[in-house]
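Structure, as structure tokens:
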Amino acid sequence: MGTTMNLEKIEQAANLLRKAQHAVVLTGAGISTPSGVPDFRSDAGIWQNQNPFEVAALAAFRHDPLRFYRWFQPLLKQLLDAKPNPAHTALAQLEREGYIRAVVTQNIDGLHQSAGSREVYELHGHLRSATCLGCETQIPSDRVFQAAQRGNILRCQCGEAFKPDVVLFDELLPRGLFWLAQRAIDKADVVIVAGTSLEVAPVCEMPLRAWQRGAKLIIINLSETYLDGQADIVLHHDLAIALPAIVERMHTIEANPDIATHHLRQAP
């Protein structure tokens, strides 16, 4: 990643979004790392020293839920302490102004909603509630986490443990929500891929499907993705800088349609 932004690509992205009729954003862990939320697969990620199938798979949870909660506790604190960063705020602003229709996210931190985004499809779940693995009774998750802090597993009247409503390994994505997200992607004429390396199926296939249908792709991610070669615009840059720069450029173009690209202020 260079230290300066590619201003030509910022200009191109701004123009694509200004002309879009149905833009949709797909976000991953990279949009939340500037907020202090660790990602999963980088050298410093959550899975660097931990086998996810030993603690964060549904089968492992059923076998030893307390082990899951002990592992999850430090991450939970980081998630609850996190605040939206300028990338989240930029997307919320684009939605308010009518430039994007929905955010499809793999994140469980709720930062899109905290920033003001309203149409958010949380494909990997969230931390607001927990569900009994037996009878599917649903309760607020804070009761479950408080019990786990005391070394206890909160169980339902039916005897089964409550699991936070996050999608674990070997667990299916919520079917109805996935259908809504896929429908939004299928309608999109522009898809922004923001902060995801596109390595987790089936979400990683969504932008490919959109591209095959003729949608434009804007990819903003620190590392390469398998779709970089097909994308119309690729920015390997910090999302907390790149997305606000695109929004700023859109506003500048709206106010001064004939402004020349070489007059752009150099981004950090």
Side-chain angles (χ1 to χ4, degrees), residues 9 12-32 40-41 87-113 115-126 128 165-221 223-235 239 242-243 246-247 250:
K9 291 183 178 181
Q12 292 169 351
N15 279 313
L16 269 183
L17 282 174
R18 286 180 60 244
K19 297 172 184 177
Q21 298 298 311
H22 194 107
V24 175
V25 185
L26 173 63
T27 70
I31 198 170
S32 294
F40 288 83
R41 290 172 174 78
H88 297 106
T89 304
L91 292 183
Q93 184 174 359
L94 289 174
E95 184 185 28
R96 286 195 305 272
E97 295 174 357
Y99 289 110
I100 65 174
R101 299 296 185 91
V103 174
V104 178
T105 187
Q106 300 170 87
N107 299 337
I108 63 173
D109 50 43
L111 293 179
H112 285 300
Q113 293 93 325
S117 292
R118 301 182 64 182
E119 195 71 13
V120 182
Y121 302 125
E122 299 168 301
L123 293 184
H124 290 173
H126 55 78
R128 296 183 295 275
D165 287 332
V166 296
V167 177
L168 301 181
F169 286 88
D170 70 12
E171 192 171 12
L172 296 176
L173 299 184
R175 183 177 300 176
L177 196 64
F178 182 79
W179 180 85
L180 289 172
Q182 187 66 72
R183 185 178 67 170
I185 293 282
D186 285 345
K187 290 181 179 179
D189 53 356
V190 174
V191 175
I192 305 173
V193 175
T196 172
S197 53
L198 296 177
E199 294 179 0
V200 179
V203 179
C204 66
E205 300 166 358
M206 286 181 157
L208 172 62
R209 177 167 164 167
W211 175 78
Q212 290 172 333
R213 193 180 38 78
K216 303 291 185 181
L217 288 185
I218 301 171
I219 296 179
I220 311 172
N221 194 55
S223 61
E224 295 181 357
T225 79
Y226 80 98
L227 280 178
D228 281 11
Q230 285 70 44
D232 297 87
I233 300 162
V234 177
L235 277 165
L239 278 158
L243 279 172
I246 292 170
V247 173
M250 291 170 70

Is there a side chain to side chain contact (heavy atoms under 4.5 Å, CB included) between H112 and E95? Walk through the geometry before answering. CA-CA 11 Å; H112 285 300; E95 184 185 28; over 6 Å; no
Take I192 and L17, measure what side chain to side chain contact (heavy atoms under 4.5 Å, CB included) needs, and give me the verdict at the end. CA-CA 9 Å; I192 305 173; L17 282 174; 3.6 Å; yes
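- Listed here is the closest heavy atom pair of L208 and Y226: CB-OH, 3.4 Å.
- Here Q230 contributes atom CD and K216 contributes atom NZ; the two are 13.5 Å apart, rounded to the nearest 0.5 Å.
- Between V24 and A184, the shortest heavy-atom distance links the atoms CG2-O, 3.5 Å.
- When side chains are defined from C-beta on, E119 does not count as touching V103, because their heavy atoms never get closer than 4.5 Å.
- Using modelled atom types, one side-chain atom of R213 and one backbone atom of A188 make a donor-acceptor pair closer than 3.5 Å.
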Derivation of the side chain to side chain contact (heavy atoms under 4.5 Å, CB included) call for H88 and I31: CA-CA 7 Å; H88 297 106; I31 198 170; 3.8 Å; yes
Decide yes or no on side chain to side chain contact (heavy atoms under 4.5 Å, CB included) for L16 and I233, but give the supporting numbers first. CA-CA 10 Å; L16 269 183; I233 300 162; 3.6 Å; yes
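- We find the CZ-CG distance between R175 and L180 to be 13.5 Å, quoted to the nearest 0.5 Å.
- The side-chain heavy atoms of Q182 and Y121, taken from C-beta on, include no pair separated by under 4.5 Å.
- Sparse packing is recorded around CD of Q21, with 12 or fewer heavy atoms of other residues, nucleotides or ligands lying under 6.0 Å away.
- Open room surrounds CZ on R118; 12 or fewer heavy atoms of other groups in view lie less than 6.0 Å from it.
- In this structure, N107 contributes its side chain and G28 its backbone to a donor-acceptor pair below 3.5 Å.
- Pairing each heavy atom of V167 with each of L123, the nearest pair is CG2-O, 3.7 Å.
- The distance from atom CD of Q113 to atom OG1 of T105, rounded to the nearest 0.5 Å, is 8.0 Å.
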Output, in order, the C-alpha distance, side-chain angles, deciding distance and verdict of salt bridge (Lys or Arg N to Asp or Glu O under 4.0 Å) for D186 and R209. CA-CA 8 Å; D186 285 345; R209 177 167 164 167; 2.9 Å; yes
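- With rounding to the nearest 0.5 Å, the separation of CD1 in I220 from OG1 in T27 is 11.5 Å.
- Taken from CD1 in I218 to CG in L26, the straight-line distance is 13.0 Å, to the nearest 0.5 Å.
- Residues L235 and I246 come closest through the heavy atom pair CD1-CD1, 4.5 Å.
- Under a 3.5 Å cut-off, the side chain of D165 and the backbone N or O of H126 do not form any donor-acceptor pair.
- Between the side chain of D232 and the backbone N or O of L217, at least one donor-acceptor pair lies under 3.5 Å.
- Taking both residues in full, the closest heavy atoms of A92 and G116 are given as CB-C, 3.8 Å, listed atom of the first, atom of the second, then distance.
- When all heavy atoms of P207 and V193 are compared, the closest pair comes out as CB-CG2, 3.9 Å.
- A distance of 3.5 Å separates OG1 in T225 from CG in D228, rounded to the nearest 0.5 Å.
- Listed for the Y99 side chain is no donor-acceptor partner under 3.5 Å among the backbone atoms of M250.
- The number of heavy-atom neighbours closer than 6.0 Å to NZ of K9, taken from other residues, nucleotides and ligands shown, is above 12.
- Shown here is E224, whose CD atom has no more than 12 heavy atoms of other residues, nucleotides or ligands within 6.0 Å.
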